[in-house]
Amino acid sequence: MSRPRLAGYTRELAALAVFVVLLATVGVVAPSFFTATNLRDLAVNNAPVLILAVGATLVILVGQIDISIGSQFAVCAVAAGTLARSGVPVALLFPLTIAIGAAMGAVNGVLVGALGLPSIIVTLAMLVAWRDGLRWVTEGAWIQGLPADFQWLGLGQRAGQIAIVAIALGVLALGAWALRHLRAGRSLYAVGSDAEAARLAGIEPSRVVLAVFVVMGALSGLAALLNAVRFSSIPSNMGLGLELQAIAAVVVGGTAITGGRGRLAGTLIGAALLGTVGTALVFAGVNPFWEKALQGAIILAALASDLALGRLEHHGRPTALPARARH
């Protein structure tokens, strides 16, 4: 890869460098961290977060934000458990749970895309509405008595773990391909960079915004189902704080919080980095209460480096365009 092309990946490479340093440090302090069992558990535990982070990346690319992710996740998980307990086959749980999530995402999309309301306000309201509505419906009770074929998708633990990780990576790969090769994917960058210019180019920003919120909801449903099948019961308060984990992974991975710039490769690195910190601290013998503080420091460092790199890029641009380029 040439130097100019590497320069385009500066933000992702910075996050990757931090991740490598973390792994190297843990490798010296606690080599037992790299056992196959621990690495497999890390991958399975963070697969649902990665799926959510993919959706959050799409939302942020268009210059929006969705902080109702955790509440959507909880509603979809409880819905999946309730449907499974009522006798719905596992194969049908996938489209049904994804559809429930997509419907909740569509509510956000209509309010933000069609009505033009601020996404931070809309999704904050829906975070509370979905969470309190779920608490009212379930009265705080867990979903128990799940059928045996629900856990691990009926495949057994080892095969189920492989399936969960494979699905998460498949979602990531599909999203990365779509962003790079499909017009619909490229339209996200256009809307996030300059919505008015995108409109003049024939792209309808409101439809793009609606679409990304629907996809975000659908991925919340998928992630919720894949997380729920790991357990024998489903708590009604599942997903607390997941929206922060997903958004943090996106930001740490180099996606601009203002939209228009970012890659899913960076999101993968960000999710891996933040998902590894807690377990790494435990193996290193450090108090796990430091996990959130360290994650916060990583996020602040990512934002600071993004700001610094943005200024360098801005100062590196020519101040005037050639005469032909101005016409």
Side-chain angles (χ1 to χ4, degrees), residues 15 18-19 22-23 26-27 30 32-57 69-70 72-74 76-78 80-81 97 101 142-143 146 150-153 155-173 219-253 264 267-296 298-299:
V18 175
F19 187 40
L22 173 65
L23 294 179
V26 176
S32 57
F33 174 86
F34 292 97
T35 61
T37 299
N38 184 56
L39 294 178
R40 183 176 65 247
D41 289 344
L42 273 175
V44 174
N45 292 340
N46 288 289
V49 178
L50 176 60
I51 294 174
L52 293 175
V54 170
T57 302
I69 298 171
Q72 294 179 20
F73 184 93
C76 289
V78 169
T97 308
W142 290 27
I143 306 300
L146 296 169
F150 178 77
Q151 193 167 22
W152 300 116
L153 303 172
L155 301 173
Q157 182 171 347
R158 180 63 60 85
Q161 289 175 331
I162 294 173
I164 289 172
V165 175
I167 291 172
L169 293 177
V171 168
L172 177 80
L219 292 179
S220 295
L222 175 61
L225 176 59
L226 295 180
N227 189 72
V229 299
R230 299 164 52 209
F231 308 104
S232 58
S233 59
I234 302 172
S236 58
N237 63 346
M238 182 176 282
L240 288 172
L242 268 182
E243 59 278 344
L244 298 181
Q245 293 182 45
I247 294 171
V250 176
V251 173
V252 170
L264 285 177
T267 298
L268 173 61
I269 297 170
L273 173 57
L274 295 177
T276 302
V277 168
T279 304
L281 290 177
V282 172
F283 273 83
V286 179
N287 192 321
F289 287 109
W290 284 101
E291 176 185 359
K292 298 301 180 184
L294 186 54
Q295 287 180 343
I298 292 172
I299 295 169

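Numbering of residues begins at 1 and proceeds along the displayed sequence. Being a predicted model, the structure only gives us computed values, none of them experimental.
In this structure, the side chain to side chain contact (heavy atoms under 4.5 Å, CB included) partners of N38, at least two apart in sequence or on a different chain, are F33, T35, L42, T279, F283. Residues forming a side-chain hydrogen bond (donor to acceptor under 3.5 Å, both in side chains) with N45 (at least two apart in sequence, or on another chain): R230. Taking the side chain to side chain contact (heavy atoms under 4.5 Å, CB included) definition, one finds that V49 meets it with L242, Q245, sequence neighbours left out. Listed by chain and number, the residues in a side-chain hydrogen bond (donor to acceptor under 3.5 Å, both in side chains) with Q161 are R40 (sequence neighbours excluded). The side chain to side chain contact (heavy atoms under 4.5 Å, CB included) test applied to A284 returns V29, V286, not counting sequence neighbours. The side chain to side chain contact (heavy atoms under 4.5 Å, CB included) test applied to I143 returns V78, T82, R85, L146, I234, not counting sequence neighbours.
Contact of the L50 side chain with the L169 side chain is registered, since non-hydrogen atoms from C-beta on lie closer than 4.5 Å. Looking only at side-chain heavy atoms (C-beta outward), F150 and L225 come within less than 4.5 Å of each other. You'll find the side chain of V44 reaches within 4.5 Å of the side chain of V165, heavy atoms only.
Counting all heavy atoms, side chain and backbone alike, F231 lies closest to Q151 at C-NE2, 3.8 Å. Considering all non-hydrogen atoms of both residues, S236 and W142 come closest at N-CD1, 4.1 Å. Shown here for A163 and L155, the closest heavy-atom pair between the two residues is CB-CD1, 3.9 Å. Closest of all the heavy-atom pairs between A223 and P48 is CB-O, 3.6 Å.
Here the CE atom belonging to M238 is positioned 11.5 Å from the SG atom belonging to C76, to the nearest 0.5 angstrom. Atom CD1 of residue I269 and atom CG of residue L264 lie 11.5 Å apart, to the nearest 0.5 angstrom. Remark: L52 CG to T57 OG1 distance equals 10.5 Å, nearest 0.5 Å. Rounded to the nearest 0.5 Å, atoms CG (L219) and CZ (F73) are 12.0 Å apart.
For E243 (side chain) and I69 (main-chain N/O), no donor-acceptor pair under 3.5 Å exists by modelled atom type.
Residue F19 is tested with L273, V252, L274 for a side chain to side chain contact (heavy atoms under 4.5 Å, CB included); the sole match is L273. Checking I164, L226, N227 one by one against I51, the side chain to side chain contact (heavy atoms under 4.5 Å, CB included) holds for a single residue, L226.
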